[in-house]
2 protein chains.
Amino acid sequence: MVKPIAVRNLHGQVIQELGRLIISGELAPGEGLPREELLAERMNVSRTALREAMKVLSAKGLIESRQKTGTRVRETIHWHQLDADVLAWRCALMPTESFVEKLVEMREIIEPAAAAAAARRRTPEQLEKIKDAYEAMAAAEDLDAWAIADLAFHENVLHATNNELMTSLFSVIETALGTYFVLSASTAANFKYSLPHHQKVFDAIRRRQPEVARKSMLKMVTDSRTNIRRHGRKA
Amino acid sequence: MVKPIAVRNLHGQVIQELGRLIISGELAPGEGLPREELLAERMNVSRTALREAMKVLSAKGLIESRQKTGTRVRETIHWHQLDADVLAWRCALMPTESFVEKLVEMREIIEPAAAAAAARRRTPEQLEKIKDAYEAMAAAEDLDAWAIADLAFHENVLHATNNELMTSLFSVIETALGTYFVLSASTAANFKYSLPHHQKVFDAIRRRQPEVARKSMLKMVTDSRTNIRRHGRKA
DNA sequence: TAACGTAATTAGTATTACAAATAAGCACAT
DNA sequence: ATGTGCTTATTTGTAATACTAATTACGTTA
């Protein structure tokens, strides 16, 4: 759903390169970058392309430019942590256990809340889509089909909240987590183990029972977490 | 804490202008913009400045440029709803009741969760800061002092979660909500009405009681919401 | 010593030229 | 008539250059 980048443009590459340097800490906060002309030359791009990249990095809160002073890396406080790129860079460059925990924590906060909201506000059409996804999960015969249907289930639940802020947050977090492991897919052997959980969530949303939906979803995601902890990362 | 912009740069102005046009719907999704040369001329800026702005808007998921085809406004699905600018534009241009509800819903999801997390993981130093903020609230003699201390309280609680994703989400939502009303400040008469609530939250975090902290905070934010509903907007 | 002005530096803006991608139209062959 | 491949026109992508504006740093002067 969200494209994890495919940098064809030159400034896109520059964004990636500088972004990674900053997130990884090789360019520390407070540190000043070489002046544009020099940096452009050093990266073998024109000043034009470099500047287009720097404007984007500024918008992400990573750098700050001022005349005469030059360009500096900003303190981490100012970084837009929920920006898809920033998150992706952190996942790729600082794959620490604690960061995964933070992502999982966010997921465990929004998903139950989303299930409850969906139970309150879902339209019949949205319920139908959740149902479709659930049935696809039930019918899945291999891990791939399961994973696709599983993601669709959660996306449709989020969508049924009719709160695009929640949808957006979910997709960002989910994408970031996806770089670590295939979500909620346990072992290939019993990959359908969470189907009953999903059914409970679906039923609660169908019956418009917010608190039941919340608790069922909570159980599901905490189960999923312990499962992930048990099996560690994959692929 | 987060700067609501002060656009001195030319491309910054262009970003604002185009961003607003898109968010407001005057430039509808799917619609193509005039080609760069034309648009630049029409906006009385150079193509350089226009392009720098367009790169930023692309990064926000608002537009998409391809050679020969030109630049088009993307579907709202792709907009980065949690981007500070996008949120600010929506607040300014679509001040609908339903959007405020969505923001409030997000707040009511993260704050109790954050209180619980803070109760689990706060350091002594972080607890001290929360205490300071609480005492400043208790000592406040006017609405302004109260509002400042109140914000500091919530910020410090969020910070004590040691999850910068949560902190970032909070600050974005809070800034957006702040454009509508002075948060959780009721009438000037009894502006301290929520002090006992805050104390309960503080105590729970001090005693490391996550569930108590969650419930106390939940009560506080729901109270705050009904209060806001009762009094309507202000300022 | 302090105030003021001047020079030097760096990002900001503009202009121009050309490169690369690609949609659309045309010609050609089947 | 249809589809296939070439050509061309259009639009963004990249580069190079020149100049503007802001601001720091320094040196001069009162």
Side-chain angles (χ1 to χ4, degrees), chain A residues 3 5-19 21-22 27-75 78-79 85, chain B residues 3 5-19 21-22 27-75 78-79 85:
Chain A
K3 62 325 149 68
I5 324 126
V7 188
R8 42 164 81 70
N9 299 334
L10 226 195
H11 56 258
Q13 291 175 247
V14 176
I15 290 172
Q16 295 291 320
E17 197 166 335
L18 289 179
L21 283 173
I22 292 169
L27 289 174
E31 191 170 345
L33 275 61
R35 60 176 223 270
E36 291 179 349
E37 197 179 356
L38 260 178
L39 187 56
E41 187 183 9
R42 198 175 301 179
M43 299 183 80
N44 285 306
V45 297
S46 67
R47 207 185 138 206
T48 311
L50 173 66
R51 278 181 57 83
E52 287 177 0
M54 299 220 298
K55 291 306 132 194
V56 174
L57 294 173
S58 289
K60 294 182 190 302
L62 299 184
I63 61 175
E64 191 178 27
S65 294
R66 278 170 50 191
Q67 287 177 184
K68 173 71 183 180
T69 310
T71 303
R72 314 173 67 81
V73 178
R74 299 186 73 186
E75 300 297 323
H78 300 106
W79 296 359
D85 287 326
Chain B
K3 67 308 148 81
I5 322 124
V7 189
R8 42 166 81 69
N9 299 334
L10 227 194
H11 53 260
Q13 292 176 243
V14 177
I15 291 172
Q16 294 291 319
E17 196 166 337
L18 289 179
L21 283 173
I22 293 169
L27 289 174
E31 191 171 344
L33 275 62
R35 62 175 220 270
E36 291 179 350
E37 197 179 356
L38 259 177
L39 187 54
E41 186 183 9
R42 199 176 300 180
M43 299 182 81
N44 285 306
V45 297
S46 68
R47 208 187 137 202
T48 310
L50 174 65
R51 278 181 57 83
E52 288 177 0
M54 299 219 299
K55 293 306 136 193
V56 173
L57 294 173
S58 289
K60 293 181 190 302
L62 299 184
I63 61 175
E64 192 179 25
S65 293
R66 278 169 53 192
Q67 286 177 185
K68 172 72 183 180
T69 311
T71 304
R72 313 172 68 81
V73 178
R74 298 187 74 185
E75 299 298 322
H78 299 106
W79 295 359
D85 288 326

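Protein chains get the first letters and strands the later ones, always in sequence-line order, with residue 1 at the start of each. Only this structure's heavy atoms are used, side chains among them; waters, hydrogens and symmetry mates stay out.
Put simply, CG on Leu50(B) and CD on Glu41(B) are 12.0 Å apart, with the number rounded to the nearest 0.5 Å. Ile63(B) contributes atom CD1, which lies 7.0 Å from atom CG of Leu18(B) (distance to the nearest 0.5 angstrom). Note that CG of Asn44(A) is 10.0 Å distant from CG of Leu10(A), once rounded to the nearest 0.5 Å.
Smallest separation of non-hydrogen atoms from Lys60(B) and Ala59(A): NZ-CB, 4.4 Å. Considering all non-hydrogen atoms of both residues, Glu75(A) and Gly30(A) come closest at OE2-N, 4.2 Å. Minimum interatomic distance between Val14(B) and Met43(B) (heavy atoms only, all atoms of both residues): CG1-CE, 4.0 Å. What you find for Arg42(A) and Pro34(A) is that their closest heavy atoms are NH1-CG, 3.9 Å.
The distance between atom NE2 of His11(A) and atom P of dA15(D), rounded to the nearest whole Å, is 11 Å. Protein atom CE of Met54(B) is 14 Å distant from nucleotide atom C1' of dT14(D), rounded to whole Å. For the pair Leu10(A) CG and dT12(D) P, the computed distance is 18 Å after rounding to whole Å.
Contact footprint of chain A on DNA chain C: nucleotides with an atom under 4.0 Å from a non-hydrogen protein atom, first to last in 5' to 3' order, dA8(C) to dT13(C).
Listed by chain and residue number, Ser46(B), Glu52(B) satisfy the side chain to side chain contact (heavy atoms under 4.5 Å, CB included) test with Thr48(B) (two or more places apart in sequence, or in another chain). With sequence neighbours excluded, no residue forms a side-chain hydrogen bond (donor to acceptor under 3.5 Å, both in side chains) with Arg72(B).
For residues 28-42 of chain A, proximity to DNA chain D is found at no residue, defined as any non-hydrogen atom under 4.0 angstrom from a strand atom. For the segment residues 64-73 of chain B, residues with any heavy atom less than 4.0 angstrom from an atom of DNA chain C are, sorted by number, Arg66(B), Gln67(B), Lys68(B), Thr69(B).
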Could you write out each protein N or O paired with an N or O of nucleotides 16-19 of chain D at a distance under 3.5 Å?
none

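A heavy-atom distance below 4.5 Å is not found between the side chains of His78(A) and Glu64(A). Using a 4.5 Å heavy-atom threshold, the side chains of Arg8(A) and Gln67(B) count as separate. Between Ile15(B) and Asn9(B), the closest side-chain pair of non-hydrogen atoms is not below 4.5 Å.
Summarising the local packing, CD of Glu31(B) is surrounded by more than 12 heavy atoms from other residues, nucleotides or ligands at distances under 6.0 Å.
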